[in-house]
Amino acid sequence: MNIHHFRRTDGAQTLYIDGNLQFDSSDEAVYHESLTLPALCLASNPKSVLICGGGDGLALREALRFPGIETATLIDYSSEVLDLARSEFKELNGGVLDDPRVTVVVADALEYPLPKASFDVIVCDFTFPTTKEGALGFTVEWYEKLEDALSEGGVLAINGVSPQNTASAFACLVATIRSAGLSTLPYRVCIPSFRDHGYGAWGFVLASKRRLTIRQLRDIGCPVSTKQADLSLLHRAARFSAKARLGFATAPVNRTTKPVLQTLLLNPVAPTSPGSADAPPDFPNLIRQVEIMHPYHSRSMIETLAEHVVGSLKSIDLPKLVDELSTRSKQLPKRIAEELASLREYLSRTILDLDLWGKWAARLLATLILVMTIANSISPDPAFAKGHAGLGHASFSRGLGHDSFGGGILTPNAPISGRGFTGTYGRDPVDIYGYQYSPRIYFYGHGSGVYGGSGGAGSNASNLYQPQPHKPLFVLDDDLMAMENGDFVIPLSETVFLVVANGQVNLMDSQGGKPLMTMFAEPKLFENIRTEVSAQSGDLDREIGTRRDWLSWVGWTRSLFGSVRSDTDEYRNLQDLQRRLAGSMKSLGYSSESQSIPVPAGVAELFVGCHVLPDNRIALYSPGGHAAFLDGKTISSPSQPDRPLPASLKTAILSVLKKMIAECQKDIASDKAETLSLATDLAATESDLSQYQSIYSQNGYDPTYEVDYGTDSIGVSNAIQKTQQDLDSIVLDQRVNEADIQKKQADLERFQAVILSWSQ
């Protein structure tokens with residue numbers, strides 16, 4: 001941890017940790033009041049406070065101002081920051097570390113044992129995570145530990161990241177806290193010194209075992225006066241757009257076993273293409289060519305690191321190293337190539353003694369290593385916020401009439417952030433993001449189905465079928481997998497799946513390893529699979545090209561650096577996957593069907609080629625669009641007499657129905673929670689609009705009269721316009737949400753009715 005404390009000529013103080021501003025005394029109260037006081041106000045009769053981090057004592061100062069606080073525990077592992085709190089910052093924090101109510105613990109809060117249900121307010125004032133280790137203070141495991149230590153009516157206050165500059169990382173943080181079983185209330189505050197440093201509006205999160213709402217912030221009553229923060233306006237800062245709220249619900253969870261937050265922080269947006277080599281940066285030498293890629297870097301830090309990084313690498317043959325770089329100099333900016341040429345000439349006529357090595361050559365070698373390290377760090381590596389906990393959510397398995405089928409195909413765009421394309425590729429399934437899934441075996445073979453195929457529903461062709469175990473290789477979507485043998489599998493439930501290959505769609509039973517039926521080869525399904533594979537193949541091409549360029553520079557160092565060996569393995573595996581996907585596209589074939597089967601009004605689609613009819617029968621469509629109707633006991637079709645419904649087919653249909661019921665119930669519950677949130681937003685926004693209109697009239701209809709809008713001050717006329725736009729957006733969201741609930745409720749009732757009818 002690098003700690004820098006500065007005192008300006010005007011008397012103001014600033015504290016930096018690892019290059020990140022922690023506070024500027026000119027506006028630190030905005031931060032610490034906004035972080036600490038809302039949690040104290042919303043907690044039930046708070047008496048005990050825990051502060052994790054916050055060794056400067058400023059959050060502790062706010063906590064001890066609150067009436068009724070009897071005990072406060074401060075845990076910080078930096079004795080250096082605590083020493084500053086007792087000396088340089090004592091005037092700022094009011095000497096709170098010496099308060100008899102306070103217990104100061106010098107320890108890592110993540111490892112410190114916390115008694116169960118013992119704190120009414122917990123404040124997490126950790127520093128901005130600049131490493132994966134630092135991000136451990138933002139994992140679901142940590143928040144589960146805090147949830148256990150929080151009293152029943154307690155509130156947790158968390159210093160987050162910027163929802164303005166790193167929206168995906170902020171969404172990940174909210175999702176992570178929710179995954180710990182806590183209700184969340186995120187908000188953001190504009191801190192002038194943070195804004196001046198380019199950090200953007202800063203984000204905080206309140207969390208509790210009980211439900212937290214924006215209305216609680218609107219009605220907040222703080223018993224202590226504030227110096228810089230206006231808590232009465234904080235409710236506006238807690239209103240996020242529907243798109244942002246959707247991000248909170250769908251973002252990945254940061255776990256110790258699968259860390260994603262750090263990648264999202266370092267890659268807040270998709271990287272842009274590198275600049276042209278024809279216009280090189282105007283730097284006079286190699287050390288100046290090392291780019292500053294992170295907010296916690298500075299030029300002096302880069303140069304200091306260059307003087308100390310070499311260590312045991314002094315034995316490297318420096319002339320040979322420069323020779324290897326020189327062979328690639330055509331790809332370098334001209335000025336740098338010229339410097340390499342002059343460097344090689346100098347090395348050819350110079351004998352380096354130990355003193356010269358220590359003063360110059362070691363510095364140069366460190367610079368070259370830094371160039372490679374920084375180049376590796378700028379290789380496109382953003383996480384795309386895709387979950388990977390499980391498979392089989394209905395999207396590709398359902399279709400016509402559903403937005404998720406054939407609409408909104410996700411195009412990741414250079415998304416690899418996990419390590420699934422390195423050591424475990426081929427053993428566990430991996431997705432385009434590099435995330436690994438739990439291994440699973442699908443037992444099946446190829447041939448006409450027992451209840452379908454050329455004989456139609458009910459024929460027996462099992463002699464043509466030889467089942468074999470197959471493993472998924474690549475997860476294109478939560479319910480679309482490319483298998484190692486080139487087939488595509490769509491899971492429908494834990495025991496039933498579709499195999500799509502050679503222009504056919506077969507319904508499979510994983511328990512017996514037998515095909516249940518050859519289904520109607522829905523043309524749109526084949527089209528969508530091709531679209532999805534094509535989109536992700538394009539991303540693979542970009543990733544392969546990036547790694548090819550990178551390895552053309554540093555591939556010769558694989559014997560020195562494990563990271564380069566890992567990059568080489570990843571490059572080869574990406575190429576292998578690309579070849580396999582090309583083979584899968586060939587073996588996929590094309591549907592021979594000329595048109596799709598429509599889904600009439602009043603009919604619910606269970607999966608592709610399977611409809612739930614209003615009379616609780618199931619319609620299964622075989623090749624040619626021929627329908628077989630199942631009523632739970634018999635199969636009937638226009639061309640064949642009624643016959644008993646095989647137990648295995650009935651069990652399969654029921655398992656998919658139960659899976660869809662669970663999904664519908666979960667989706668409806670989520671939509672209803674969104675309904676409550678939208679209603680709260682609507683009432684709050686209508687109230688804001690009324691206030692702005694009143695201010696507008698009271699000030700002579702002066703459009704430039706400034707009012708607070710969220711965390712900004714803008715003209716009242718502009719505020720009215722923006723608030724009206726917010727209202728229109730909320731009303732539209734309500735309509736879409738209500739229609740979604742009605743559709744899912746109708747499907748749920750239809751699926752439940754079938755199960756009830758079939759059980760009688």
Side-chain angles (χ1 to χ4, degrees), residues 1-32 35-36 49-64 72-114 122-138 142 157-161 191 193-194 197 199 202 262 265 294-305 307-309 311:
M1 176 185 288
N2 296 313
I3 300 173
H4 298 281
H5 168 240
F6 301 97
R7 187 182 291 273
R8 297 198 298 267
T9 55
D10 61 0
Q13 300 182 70
T14 54
L15 176 67
Y16 291 81
I17 295 180
D18 292 333
N20 284 317
L21 176 69
Q22 302 304 297
F23 72 81
D24 186 311
S25 61
S26 65
D27 61 10
E28 58 82 12
V30 177
Y31 172 92
H32 292 102
L35 168 65
T36 309
V49 177
L50 169 66
I51 298 180
C52 301
D56 51 35
L58 299 175
L60 179 61
R61 175 198 66 198
E62 298 303 321
L64 293 182
T73 303
L74 172 64
I75 305 176
D76 197 305
Y77 72 88
S78 174
S79 57
E80 185 177 350
V81 174
L82 290 168
D83 288 342
L84 286 170
R86 291 187 173 96
S87 56
E88 299 290 338
F89 305 153
K90 189 170 184 177
E91 183 178 351
L92 272 177
N93 62 39
V96 290
L97 269 64
D98 298 325
D99 191 295
R101 295 172 291 175
V102 174
T103 300
V104 178
V105 180
V106 183
D108 185 345
L110 302 183
E111 299 177 358
Y112 191 79
L114 300 177
I122 300 177
V123 179
C124 282
D125 193 12
F126 290 145
T127 59
F128 181 86
T130 57
T131 64
K132 287 186 177 180
E133 291 73 20
L136 293 176
F138 299 82
W142 167 241
I158 298 161
N159 166 40
V161 297
I191 304 166
S193 58
F194 280 32
H197 279 68
Y199 298 166
W202 201 249
Q262 187 63 19
L265 285 170
H294 305 290
Y296 52 88
H297 282 170
S298 66
R299 179 58 56 194
S300 62
M301 291 173 66
I302 291 291
E303 295 182 353
T304 301
L305 181 59
E307 294 173 353
H308 296 91
V309 75

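Only heavy atoms go into these numbers, but all of them, side chains included; no hydrogens, no water, no symmetry mates.
Contact between Leu74 and Gly53 at its shortest, heavy atoms only, is CD1-O, 3.0 Å. Residues Tyr77 and Asp108 share a closest heavy-atom pair of CB-N, 3.9 Å. The two residues Leu64 and Ala72 come nearest to each other via the heavy atoms CD2-CB, 4.0 Å. When all heavy atoms of Ala59 and Val123 are compared, the closest pair comes out as CB-CG1, 4.5 Å.
The side chain to side chain contact (heavy atoms under 4.5 Å, CB included) test applied to Ala12 returns Arg8, Asp10, Asp24, Ser25, not counting sequence neighbours. Partners of Asp98 according to the salt bridge (charged side-chain N to carboxylate O under 4.0 Å, His left out) rule, which considers only residues two or more places apart in sequence or in another chain, are Lys90. With sequence neighbours excluded, the residues satisfying salt bridge (charged side-chain N to carboxylate O under 4.0 Å, His left out) with Asp99 are Arg101.
The closest side-chain heavy-atom distance from Thr14 to Leu21 is below 4.5 Å. For the pair Leu82 and Leu97, the minimum side-chain heavy-atom distance is below 4.5 Å. A heavy-atom distance below 4.5 Å is not found between the side chains of Asn93 and Leu60. For the pair Ile75 and Leu114, the minimum side-chain heavy-atom distance is below 4.5 Å. Under the 4.5 Å side-chain criterion, counting only non-hydrogen atoms from C-beta, Val161 is in contact with Leu265. Between Phe6 and Leu15, the closest side-chain pair of non-hydrogen atoms is not below 4.5 Å. Here the side chains of Leu84 and Ile3 are in contact, with some heavy-atom distance below 4.5 Å. Residues Arg7 and Glu88 form a side-chain contact, since some pair of their non-hydrogen atoms from C-beta on lies under 4.5 Å apart.
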### Trace of the side chain to side chain contact (heavy atoms under 4.5 Å, CB included) decision for Asp76 with Val106
CA-CA 5 Å; Asp76 197 305; Val106 183; over 6 Å; no
#### Entry: side chain to side chain contact (heavy atoms under 4.5 Å, CB included) between His5 and Gln22, intermediate numbers included
CA-CA 10 Å; His5 168 240; Gln22 302 304 297; over 6 Å; no
### Task
Show your reasoning for whether side chain to side chain contact (heavy atoms under 4.5 Å, CB included) applies to Ile191 and Tyr199.
CA-CA 9 Å; Ile191 304 166; Tyr199 298 166; over 6 Å; no
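Distance CG/Asp56 to CZ/Arg86: 12.5 Å, rounded to 0.5 Å. Leu58 contributes atom CG, which lies 4.5 Å from atom NE2 of His32 (distance to the nearest 0.5 angstrom). Here the CD1 atom belonging to Ile17 is positioned 10.0 Å from the NE2 atom belonging to His4, to the nearest 0.5 angstrom. For the atom pair SG of Cys52 and OH of Tyr112, the computed distance is 10.5 Å after rounding to the nearest 0.5 Å. To the nearest 0.5 Å, the span separating CD on Glu62 from CD1 on Ile51 amounts to 9.5 Å. Note that OG1 of Thr127 and CG of Asn20 are 7.5 Å apart. Values are rounded to the nearest 0.5 Å.
Note on ring orientation: taking the six-membered ring where Trp is involved, the planes of Trp142 and Phe126 are tilted (angle from 30° to 60°). Below 30°, between 30° and 60°, or above 60°: for Trp202 and Phe194 the angle between ring planes is above 60°, a perpendicular geometry.
Taking the six-membered ring for Trp and the full ring otherwise, the centers of Phe23 and Phe89 sit less than 6.0 Å from each other.
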